[in-house]
Visitor: 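Quick one: the structure is below, questions incoming.
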Amino acid sequence: MYWADELAASVEGPQVVNDSKTPSGTVHVGSLRGPVILDVIARALRDRGVPTTLLYGVDDMDPMDAQALLTPDAVDHEMGRPLAHVPDQTGDCHASYARHHAQTFIDIFAGLGIHPDRYYWMSDIYPTGAMDPFIRAALERAQVVRDVYLRVSKVERPAGWLPVQAVCPSCGKVGTTIALDWDGETVRVECRPDYVTWARGCGFDGRISPFGGAAKLYWNLEWAAQWSLFGVTIEPCGKDLATAGGSRDRADAIAREVFDRAPPRNLPYEFLNIGGRKMSTSKGRGAAAHRIVEVLPPEPLRLLFLRPRPNQAIEFDPEGTDAIPRLFDELDRLAAAVAGKPYRGELPPDPERLLAFVQLDPAPPERLAEAAATYRPAFAHLALLAQIPGVDIAARVADEKGAPLAAAEEGTLAERLAAARAWLDAYAPASAVVRVHRDALPPEAAALGEDQRLFLGALALAAGEEDPHGGDAWQGLLFRVAGEAALPAGRAFGAVYLAFLGRPNGPRAGWLLASLEPGFVVGRLRLAAGWHDRARGAGQEAEA
RNA sequence: GGGCCCGUAGCUCAACGGUAGAGCGGGGGACUCUUAAUCCCUAGGUUCAGGGUUCGAAUCCCUGCGGGCUCACCA
């Protein structure tokens, strides 16, 4: 059984599925694994008739602690302030740094078929007072919290430490404050210059009421408080949090011992690594989630996350590899299998469910076969066609299908063609790129045999005499000259590709040559044939 | 040091208790108007090592070795 179905089968009663994210900067592709897993769990629950609520939160009261995306003069002022209070650095009309990065990320969800029932922002929640009971409980049981930190994570807090962080009334920073001396209504707040290394406090020292948004819980407690506030029953989390003695263990213990509640069901999931290494937020082309989405349409992207089990690390290396074409191929193979068409290789367990979860819309089972059977043009082939001038791609694809494309199939074609172009532009390995060497004979042409050179020379002569126009004319000429030279077609075409592309194969040669200026073609043919001395004059003659 | 993941054909990976499979690469073959980036054929690998459970293990358990990520400050 598919893992999400197993999870769905193991719970009772209505479920609240939750995930949240701290928008500390640009969010990369790997972070989409959580939302996709969340969505699939919700779908699996609903498919079993379990009433389900899907929540997605933004922990935007957390302190700004990464200066990479701040302008140098902003660092001193902004570091340590709540992310929701830091101005948007890109100036594109978001209310804050947090809104900018979180919204850019969230905007991807709908396109991926992920539709939480509710988004919540902690900067909205704290002022309502909804967190106050949890702040009070945490303050009352501060000693329990300290014990949990020590027992679960071997972390010892400084003397007098309380599990809340006030927003400094003077400088507005939250990362630099320590709360002390809870008297039942107020805490003493010190905004210390050296409390953390990454931000500098202003030195404020005074008493405040920690309620109504004046203070926030430390993130671990905030997490546990969210579970109580929203009644969360299932919450997956990434392995950075799920590690033994890590944040999740602390939050679980705090839920039980401070907020008197069983923690939600966990589903730890592994990361997605780009090229064998962890992704970097600030560098690395295509690592940003909103950029990958430009190259990978929703279905293959969902497949990337859903094909492996959640606890399996995903290695994804789009740079200069065939990782992206293979993802499309895997999707097509899966669809073919579900549609009852022939396929090769082994299938994952429960292919029907996997394909259903890969679909953008949760389609009823009876429509799955229909969706699976739609014609999907091969990505690698589209990438090739996209590089050949003068090809009517839609007509060619319809030809291959053997019937006119349905509207949905035309959509798939357009989507894949755009993806193929983006892939060629940003990621494709050299072997997938067809490029005419215009300036000089490709070095690879040195491998041309004498028979091939003779053929190219003969082709140049024939072309000069007949001045072929169009792909068909060129293609016919190629075959005829090859036949007259008694050269096997394979060697003849190979010679043309070497002379123009520097590679032994390529797109249909006739149409390739027809797309280039006749003078260039003839000149290049002569050059490749070894007729350097006469190339210039003959080329002019041919052009005349 | 703790946790998780991985170690299967040259490379990338699948199969996850029942006779080891794909893609790419490599090798062989086919083709006069043709998706020459196509089609057909071709992979014999102590499934990292050692032990255990089982009628049966790549698959489950234990140990070891190697690699990756992650936590131990914050989130």
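Order of the sequence lines sets the chain letters (A, B, ...), proteins ahead of strands, with each chain counted from 1. Just the heavy atoms: all of them, side chains too, but no hydrogens, waters or symmetry mates, feed the values below.
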Visitor: Is A/T22 touching bases, backbone alone, or none of the nucleic acid, heavy atoms closer than 4.0 Å?
Guide: sugar-phosphate
Visitor: Can you identify which nucleotide, out of B/U70, B/G68, B/A72, has its nearest atom closest to the A/E270 side chain?
Guide: B/G68
Visitor: Side chain of A/R326 only, heavy atoms from C-beta on: which candidate in B/G23, B/C5, B/C74 is closest?
Guide: B/G23
Visitor: Roughly how far apart, to the nearest Å, are B/A15 and B/G23 at atom C1'?
Guide: 15 Å
Visitor: Answer yes or no on whether A/K239 is positioned over the face of A/F271, meaning its NZ or CZ is under 6.0 Å from the six-membered ring centre and within 45° of the axis.
Guide: yes
Visitor: How many whole angstroms separate atom CG of A/D249 from atom C1' of B/G3?
Guide: 10 Å
Visitor: For the C1' atoms, the ones on B/C13 and on B/A43, what distance do you get once it is rounded to whole angstrom?
Guide: 15 Å
Visitor: Using the P atom as the reference point in each nucleotide, state the distance between B/C73 and B/C65 in Å, no decimals.
Guide: 27 Å
Visitor: Touch check for A/R344, heavy atoms < 4.0 angstrom, all strands: base, sugar-phosphate only, or nothing?
Guide: sugar-phosphate
Visitor: Return yes if some donor-acceptor pair links the side-chain N/O of A/S123 with the main-chain N/O of A/A84 below 3.5 Å, else return no.
Guide: no
Visitor: Verify whether one side chain among A/T243 and A/R248 offers a donor that lies under 3.5 Å from an acceptor in the other.
Guide: no
Visitor: For RNA chain B, what residues of residues 493-502 of chain A have any heavy atom nearer than 4.0 Å?
Guide: A/F493, A/Y497
Visitor: Would you say that A/C171 contacts A/C191 through its side chain, given a criterion of any heavy-atom pair below 4.5 Å between the two side chains?
Guide: yes
Visitor: Do A/L70 and A/M64 have side chains that get closer than 4.5 Å, going by heavy atoms?
Guide: yes
Visitor: Measure the acute angle between the ring planes of A/W161 and A/Y149, then classify it against the limits of 30° and 60° as parallel, tilted or perpendicular.
Guide: perpendicular
Visitor: How about A/W423 and A/F379: are their ring centres within less than 6.0 Å of each other?
Guide: yes
Visitor: Which nucleotide, in any strand shown, forms a Watson-Crick or G-U wobble pair with B/G21, with both distances under 3.5 Å?
Guide: B/C13
Visitor: More 5' along RNA chain B: A/K239 or A/L384, using each one's nearest nucleotide?
Guide: A/L384
Visitor: Mind checking whether A/H101 and A/Y97 have ring centres under 6.0 Å apart?
Guide: yes
Visitor: Applying the Watson-Crick and G-U wobble criteria at under 3.5 Å, what pairs with B/G66? Answer none if nothing qualifies.
Guide: B/C6
Visitor: Assign A/D62 to base, sugar-phosphate, or nothing according to its heavy-atom contacts below 4.0 angstrom with the strands shown.
Guide: sugar-phosphate
Visitor: Would you call A/E484-A/R480 a salt bridge at under 4.0 Å N-O?
Guide: yes
Visitor: Could you give the distance separating B/G68 and B/U35 at their P atoms, to the nearest angstrom?
Guide: 47 Å
Visitor: Does A/E299 form a salt bridge (Lys or Arg N to Asp or Glu O under 4.0 Å) with A/R302? I'd like the steps, not just the answer.
Guide: CA-CA 5 Å; A/E299 290 188 1; A/R302 288 179 66 98; over 6 Å; no
Visitor: Would you mind reading off the distance between A/D329 atom CG and B/C24 atom P, rounded to a whole angstrom?
Guide: 8 Å
Visitor: Could you measure between the two C1' atoms, the one in B/G7 and the one in B/A58, and give it in whole Å?
Guide: 11 Å
Visitor: Sub-3.5 Å donor-acceptor pair from the side chain of A/T412 to the main-chain atoms of A/R376, do we have one?
Guide: no
Visitor: I need the CE-P distance between A/M61 and B/A75, as an integer number of Å.
Guide: 13 Å
Visitor: Within the structure shown, what part of the strands sits under 4.0 Å from A/S247 by heavy-atom distance: base, sugar-phosphate, or nothing?
Guide: base
Visitor: I'd like to compare against my own output: the B/S/- annotation of nucleotides 58-63 of chain B with a strict under-4.0 Å heavy-atom distance to protein.
Guide: ------
Visitor: Could you tell me how far B/G21 sits from B/A72 if I compare only their P atoms? Round to whole Å.
Guide: 45 Å
Visitor: Identify whether any heavy atom of A/A313 sits under 4.0 Å from a base atom; if not, whether one sits that close to sugar-phosphate; answer base, sugar-phosphate or nothing.
Guide: sugar-phosphate
Visitor: Are the aromatic ring centres of A/Y56 and A/Y120 under 6.0 angstrom apart?
Guide: no
Visitor: Within the side chain of A/R416, is there an N or O that forms a donor-acceptor pair under 3.5 Å with the backbone of A/L382?
Guide: no
Visitor: Taking pairing as Watson-Crick or G-U wobble with both contacts under 3.5 Å, can you name the mate of B/C39, or confirm there isn't one?
Guide: B/G29
Visitor: Choose from B/G3, B/C41, B/A75 the nucleotide whose nearest atom is closest to any side-chain atom of A/P63.
Guide: B/A75
Visitor: Contact class for A/G483 vs. all strands (heavy atom < 4.0 Å): base, sugar-phosphate, or nothing?
Guide: nothing
Visitor: For B/G1, what is the paired nucleotide under Watson-Crick or G-U wobble rules, both distances under 3.5 Å?
Guide: B/C71
Visitor: B/C73 C1' sits how many Å from A/L241 CG, rounded?
Guide: 14 Å
Visitor: Report the distance from atom CD1 of A/I314 to atom P of B/G68, rounded to the nearest whole Å.
Guide: 20 Å
Visitor: Short question: side chain of A/T22, backbone of A/S24 - any donor-acceptor pair under 3.5 Å?
Guide: no
Visitor: Roughly, in whole Å, what's the span from CZ in A/R333 to C1' in B/C24?
Guide: 14 Å
Visitor: Does any nucleotide pair with B/U53 by Watson-Crick or G-U wobble geometry, both distances under 3.5 Å, and what is it?
Guide: none
Visitor: When we call it a touch if two heavy atoms are under 4.0 Å apart, what does A/R248 touch: a base, just sugar-phosphate, or nothing?
Guide: nothing
Visitor: Check the distance between B/G21's C1' and A/Y343's OH and give it to me in whole angstrom.
Guide: 12 Å
Visitor: Can you check the distance between B/U47 and B/G17, where both ends of the measurement are the C1' atom (answer in whole Å)?
Guide: 15 Å
Visitor: Identify the pairs formed between an N or O of the protein and an N or O of nucleotides 15-20 of chain B at a distance under 3.5 Å, and give each distance.
Guide:
none

Visitor: Report the base-pairing partner of B/U46 (Watson-Crick or G-U wobble, both distances below 3.5 angstrom), or none.
Guide: none
Visitor: Let me know the distance between CG of A/N311 and P of B/U70, rounded to the nearest Å.
Guide: 17 Å
Visitor: Go through the side-chain N and O atoms of A/N311 and A/E270 and say whether any donor and acceptor fall under 3.5 Å apart.
Guide: no
Visitor: With rounding to the closest Å, how many angstrom separate the C1' atoms on B/U42 and B/U59?
Guide: 29 Å
